[in-house]
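First up is the structure itself, then whatever we jot down about it.
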Amino acid sequence: AYNFALAIKIDYQKRWFEARKQFVESGLDEKAAGKKASEQVGRMPNYMSIATNEWTQLRDEVCPWYPEVPRRVFVGGFQRADAAFKNWFDSKSGRRSGAAMGWPKFKSKSKSRESFVIASDIQPSFVTNLNRYIKTGELADMDYRHIKVPKCGEVRLTPGSAGQLRQLGRTMLAEAKTGELITRITSGTISRLGDRWYVSLVISGPFVPDAISTKRQRRNGVVGVDLGSGRFYATTSEGLSIINPKFVSKYEQELARANRTLAKTAKGSAARMKALARLRRVHARSALARDGFSHQVSAWLTSQFAGVAVEKFDLASMLASAKGTV
């Protein structure tokens, strides 16, 4: 779906470039030529127009299996293509900070992150009981271990995820008892890391005021954190240095063995798929270790201090501006 929408957008952009080039050659400046080109080729199709026009006409030819997939998954791919072009436009015009964004590229089945978005239709299983409670006043047992995914049915979650859903369910149940559900799940992103699947829910709810600082946080005040790129992961303004665990080095030998095993297999064989799954698991463990450590450090900082100040550190831009100097 993403590649389908991106191909349409790239074709439009190329036609716009060609039209602007012709107007520039006729004597107009670039700004006026850009306006004329937009009038000639029209507006770039957005995800709504692609979903209702091009996709409706070509879906039987492009992917005849589309009825097996929730329709909002395709819309999510179209929206991601919109976001890719918007990021590129904003980067070219200077409205987006940070490193320059490149021309949007097609996604590869073997290289891109495996994930998809379902808007509105993905819900925890207990939402059905809450809606029935609002209508009839009868409250059945709340199921915090499953999420309803369109076309897939109920998917069981791990115990840790169930704990988070239980907290969300209690909040929504308290709202349901007042007769109105304010907190809602607006979308969900299902992604794959290694051989495991994860779901990330976007929740729309009432405004939550800032938490009140504890006595320890007020006593310690505000701390400054200098993020490092070498031996130290971070250094605080109080002189505390946190050693960088360097998880990449810890998993280096295991990654090397997995890569050697993969290199010895034949393309398309069952052994290659097995070796590739092993390599993905090692990369997943390394990524989870890095993320877990950063969460541990940030959780400790926020529990100890009332405020945390972190510098905006753009190493790539600093190296680029210093290129050629001592």
Side-chain angles (χ1 to χ4, degrees), residues 1-63 66 71-120 186-187 189 191 202 204 227 229 309-326:
Y2 173 86
N3 289 346
F4 179 84
L6 194 63
I8 295 173
K9 289 176 174 293
I10 289 176
D11 177 67
Y12 165 87
Q13 196 63 39
K14 288 181 178 179
R15 288 188 287 109
W16 185 88
F17 282 142
E18 185 63 30
R20 187 186 64 172
K21 179 181 177 182
Q22 293 177 0
F23 285 118
V24 169
E25 291 175 352
S26 65
L28 294 177
D29 57 37
E30 285 199 1
K31 188 174 182 179
K35 290 183 178 180
K36 285 286 188 181
S38 299
E39 293 175 1
Q40 179 174 321
V41 299
R43 298 185 62 180
M44 175 179 284
N46 61 5
Y47 78 95
M48 285 294 292
S49 62
I50 293 174
T52 55
N53 297 323
E54 290 88 352
W55 178 248
T56 304
Q57 297 171 7
L58 299 174
R59 62 189 179 185
D60 291 320
E61 177 184 350
V62 174
C63 61
Y66 75 90
R71 63 182 182 86
R72 292 187 183 271
V73 171
F74 298 103
V75 177
F78 303 153
Q79 289 175 330
R80 287 186 176 187
D82 273 14
F85 256 95
K86 182 180 183 302
N87 292 338
W88 177 71
F89 282 133
D90 292 345
S91 180
K92 293 287 287 184
S93 61
R95 291 192 296 268
R96 181 186 174 92
S97 60
M101 295 289 295
W103 178 260
K105 297 179 180 179
F106 292 104
K107 290 186 181 294
S108 168
K109 186 177 180 180
S110 59
K111 296 180 181 179
S112 300
R113 179 169 175 257
E114 293 179 286
S115 68
F116 59 91
V117 179
I118 302 178
S120 303
T186 58
S187 67
T189 301
S191 58
V202 178
S204 173
L227 298 177
S229 58
V310 184
E311 64 175 340
K312 186 178 181 181
F313 189 63
D314 189 0
L315 182 61
S317 298
M318 293 176 64
L319 291 176
S321 63
K323 188 176 182 180
T325 65
V326 176

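Just so it is clear, the structure is predicted and the values come from calculations on it, not from any experiment.
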Summary of side chain to side chain donor-acceptor pair (under 3.5 Å) pairs that have at least one residue in residues 45-58, sequence neighbours excluded:
Asn46-Ser49
[X]: what forms a side-chain hydrogen bond (donor to acceptor under 3.5 Å, both in side chains) with it, not counting sequence neighbours?
| X | answer |
| --- | --- |
| Asn87 | Arg96 |
| Ser120 | none |
| Ser115 | Arg80 |
| Arg20 | none |

If you take all heavy atoms of Ala5 and Ala81, which pair is closest and at what distance?
CB-CB, 3.7 Å
[X]: partners by salt bridge (charged side-chain N to carboxylate O under 4.0 Å, His left out), with sequence neighbours left out:
| X | answer |
| --- | --- |
| Arg15 | Asp11 |
| Lys14 | none |
| Arg59 | none |
| Glu114 | Arg192 |

Specify whether Tyr66 and Phe74 have parallel, tilted or perpendicular ring planes, treating 30° as the upper limit for parallel and 60° as the lower limit for perpendicular.
perpendicular
If you look only at pairs with a residue in residues 97-117, which of them pass as a ring pair (Phe, Tyr, Trp, His ring centres under 6.0 Å), with sequence neighbours excluded?
Phe85-Trp103, Trp88-Trp103
Hey, what do you get for CD1 (Ile50) to CG (Leu58), rounding to the nearest 0.5 Å?
11.5 Å
Within this structure, what is the CZ-NZ distance for the pair Arg95 and Lys86, rounded to the nearest 0.5 Å?
7.0 Å
Donor-acceptor contacts under 3.5 Å from residues 23-45 side chains, at least two apart:
from	atom 1	to	atom 2	distance (Å)
Ser26	OG	Phe23	O	2.5
Asp29	OD1	Lys31	N	3.4
Asp29	OD1	Ala32	N	2.7
Ser38	OG	Trp16	NE1	3.0
Ser38	OG	Gly34	O	3.0

Taken in chain and number order and not counting sequence neighbours, the residues that satisfy side chain to side chain contact (heavy atoms under 4.5 Å, CB included) with Thr186 are Val202, Ser204
